[in-house]
There are 2 protein chains.
Amino acid sequence: MQKKRVTLADVARLAGLSPTAASMILTGRPDTRLSAEAHAKVHAAAAELGYRPNVAARALRTDQSRSIAFISDYVATTRFASGLIRGALSAADAAKNVLLVLETGGEPARTLRAIEAALDRQVDGVILAAMRAREVFLPDIAIPVPTVMLNGTNARFPTSVLPDEFEGGRTAVRLLVEAGVTDRLVLLGHNPEDERGQFRSEPISRRLAGIRAEMAAHGLTFATELSSWDWEVANGYDLVRRLLRKERPKGLLCLNDRLAFGAYQALGEAHLSIPGDVALISFDNDELASYLRPGLTTIALPHGNMGQLAIELLLGAKPAAGEHLVPMSAVRRGSLPTTTL
Amino acid sequence: MQKKRVTLADVARLAGLSPTAASMILTGRPDTRLSAEAHAKVHAAAAELGYRPNVAARALRTDQSRSIAFISDYVATTRFASGLIRGALSAADAAKNVLLVLETGGEPARTLRAIEAALDRQVDGVILAAMRAREVFLPDIAIPVPTVMLNGTNARFPTSVLPDEFEGGRTAVRLLVEAGVTDRLVLLGHNPEDERGQFRSEPISRRLAGIRAEMAAHGLTFATELSSWDWEVANGYDLVRRLLRKERPKGLLCLNDRLAFGAYQALGEAHLSIPGDVALISFDNDELASYLRPGLTTIALPHGNMGQLAIELLLGAKPAAGEHLVPMSAVRRGSLPTTTL
DNA sequence: CATCCTTGCTAAAACCATTTAGCAAATGCA
DNA sequence: TGCATTTGCTAAATGGTTTTAGCAAGGATG
């Protein structure tokens, strides 16, 4: 006894009206001249039958599917990076949209397949998200629906959502200054001399620019700047171990939380206390930051808000071109000394 | 100059055949009697025009959308948990399907909305995934398409994919034994006496049962069993700190990686070396495990394989009822001593 | 030569919601 | 009263694909 799907025609029949009337009433057209009585009857009938519109049929007619493609190089590299999806998901849900999630692994062929699969399904918009790469590769295929770049940029699609790295960089330095940590400062993760000719991604360049701008504003300089191309835990550990053989820093500005974790390990081995001997501040607000002991003070990547904004831009009248910068907020934990004024 | 979509009719016209013929040829029907010449002409025409079928139209006609709903309480709680999605994604991609990802936050109302949204879109199947909760709440709504439970169970849907926790538990103990760590063993995270009346989820019960079975098989017992309802880093730290005041363990069997990380912190403070003084083994193969120093040996949750299997079951002729257990493999790092035979 | 089968193909219906064009009755206005 | 307008509603076309039913031509069979 398999139930047939309830169609609009069924609703109309029960309400004693035409499908036209039922459609107009249920889709909530404003300029319709149908009577209040008709409205009531149709809604009653729909409720009684448990009518749910067939999205495929609607899509066929209107070219709108109420679904959005979220195409990402990686679905999530960190728990916190999954905030990008989560934010998008909840904004989409709020707008009665659904997310088609596709992963490309950064591979051109898979990216092309993903875009085609999405377009075949009549998505109303596309989000091109980058978890790792910042400059997003895009195959040469036209995307005839609104598109926004998330956490990355590409010349073909002018609308993008990015963290406000410049301000984030400034905030990190400001926190250090507020905590009274102003000398024997070490920058962990980048050294312009060592990386001459290499190209750091745009957002990271801005983070660094923000840091330097605020340092300069306070008349401060780094005692040492340690370069590492990768920013993994092991790099942080190695760098700080080597650092400690030569000098005793008072503050470490780490370019991400994984580097900071490595620094914790090296400092722990050297029996240096945090933040008593060495203060740390970092970026990302990775899952790790809350696990560390003491907790790591860090400038959060606002993933959730970014994902949400991307959807909102897409669903808005017309995605405003340009970069939309989302503020990075400081998450204060125990790795900076508290100033007792 | 906006291009109109290329339709099947366009292809047929260019090929000089009927849409019927074109459809049959392009969908690759086996029992068709169309000439080889017709096949060639249609394929050539499709290629020339860059024809892509309209999935909405096809879904309308066939009730098949080549898309699958992935409905999860949380999209990802850990980077490694996102392996569930990633595995599903790649299997879906391989089968030319697309994943509709929906998050419920564990809320009944949102779960209902998610299922409805998915069914409205004619999904061919549903994966009900659990990242946190193991017993999945399900609203009382019929799901008229194949459904598989992923990383959780529910009486209404007999097909489920689960990690083989019992074997995983046994493996952990076996590794300890192989490494020669057989006395002063401590179980971190569970004590049956302290948790009397509390209900641990099914998979965790199995993990514990596997551990106890293998311990018994080797004639071993735990010197101490430490209970903690939550398995966060801080719990591991507190438990081990208190433990070290009273006794000096030689091996720690941690019920997850976060507890193990807490143990690392406490052991580090006490200047105990790993694995020299204390050996550790754990479960999950969380992101953390590779960050620790030395690396944490852990029994991996096979998220990727699980996600993949779920899709394969769904797309198979008929999802075989019953529990499908996916092996948990050991990831050897440095937290167990290496036996030099 | 009439009948039947096979081969190669097509016309048209069906899927379900939206939308354009328009009809009939009631009302308003002069 | 006569005409125009408004009100309340509907018939039918539309979107693109799949699928059922069946047609015409050619060959085989008796």
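Keep in mind that this is a model prediction, so the values were computed, not measured. Residue numbers begin at 1 in each chain, while the letters A, B, ... track the order of the sequences.
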*By side-chain contact (heavy atoms from CB on, under 4.5 Å) - contacts of Ile141(A) (at least two apart)*: Leu112(A), Ile115(A), Glu116(A), Leu119(A), Pro139(A)

Sub-4.5 Å side-chain heavy-atom contact between [X] and [Y]:
X         : Y         : value
Val148(B) : Leu128(B) : no
Leu89(B)  : Val101(A) : yes
Glu165(A) : Met328(A) : yes
Glu287(B) : Glu287(A) : yes
Ser67(A)  : Leu100(B) : no

*Nearest heavy-atom pair of Ile68(B) and Leu314(B): which atoms, and what distance?*
CG2-CD2, 3.6 Å

_I need the minimum non-hydrogen distance between His43(A) and Ile25(A), along with the two atoms involved._
CE1-CG2, 3.7 Å

*Looking only at side-chain atoms of Ala21(B), point me to the closest of dT17(D), dT10(C), dT7(C).*
dT10(C)

_Axis deviation across the helix from dC1(C)-dG30(D) to dA30(C)-dT1(D), five-pair ends, to the nearest 10°_ = 60°

Over how many whole Å does the gap from [X] atom [atom1] to [N] atom [atom2] extend?
X         : N       : atom1 : atom2 : result
Gln122(A) : dG16(D) : CD    : P     : 9 Å
Asp120(B) : dC15(C) : CG    : C1'   : 16 Å
Arg33(B)  : dA21(D) : CZ    : P     : 14 Å
Gln64(A)  : dT14(D) : CD    : P     : 21 Å
Ile25(A)  : dA17(C) : CD1   : C1'   : 15 Å
Arg13(B)  : dA11(C) : CZ    : P     : 13 Å
Glu37(B)  : dC9(C)  : CD    : P     : 7 Å
Leu34(B)  : dT6(C)  : CG    : P     : 18 Å

*Examine dC9(D): is either OP1 or OP2 under 4.0 Å from a nitrogen or oxygen in the side chain of Ser35(A)? Give yes or no.*
yes

_So, OP1 or OP2 of dT19(D): does either fall under 4.0 Å of a side-chain N or O from Ser23(B)?_
no

*Residues of residues 39-59 of chain A with any non-hydrogen atom less than 4.0 angstrom from an atom of DNA chain C: list those, numerically ordered, please.*
Tyr51(A), Pro53(A), Asn54(A), Ala57(A), Arg58(A)

_Whether the side chain of Arg61(A) and the base of dG15(D) hold a donor-acceptor pair under 3.5 Å is what I'd like checked._
no

_Let's test your reading of the model: under 3.5 Å, does the base of dT18(C) pair with the side chain of Thr20(A) as donor and acceptor?_
no

*Determine, for Asp93(B) against Arg110(A), whether the closest basic-nitrogen to carboxylate-oxygen distance falls under 4.0 angstrom.*
yes

*More 5' along DNA chain C: Ser18(B) or Leu60(B), using each one's nearest nucleotide?*
Ser18(B)

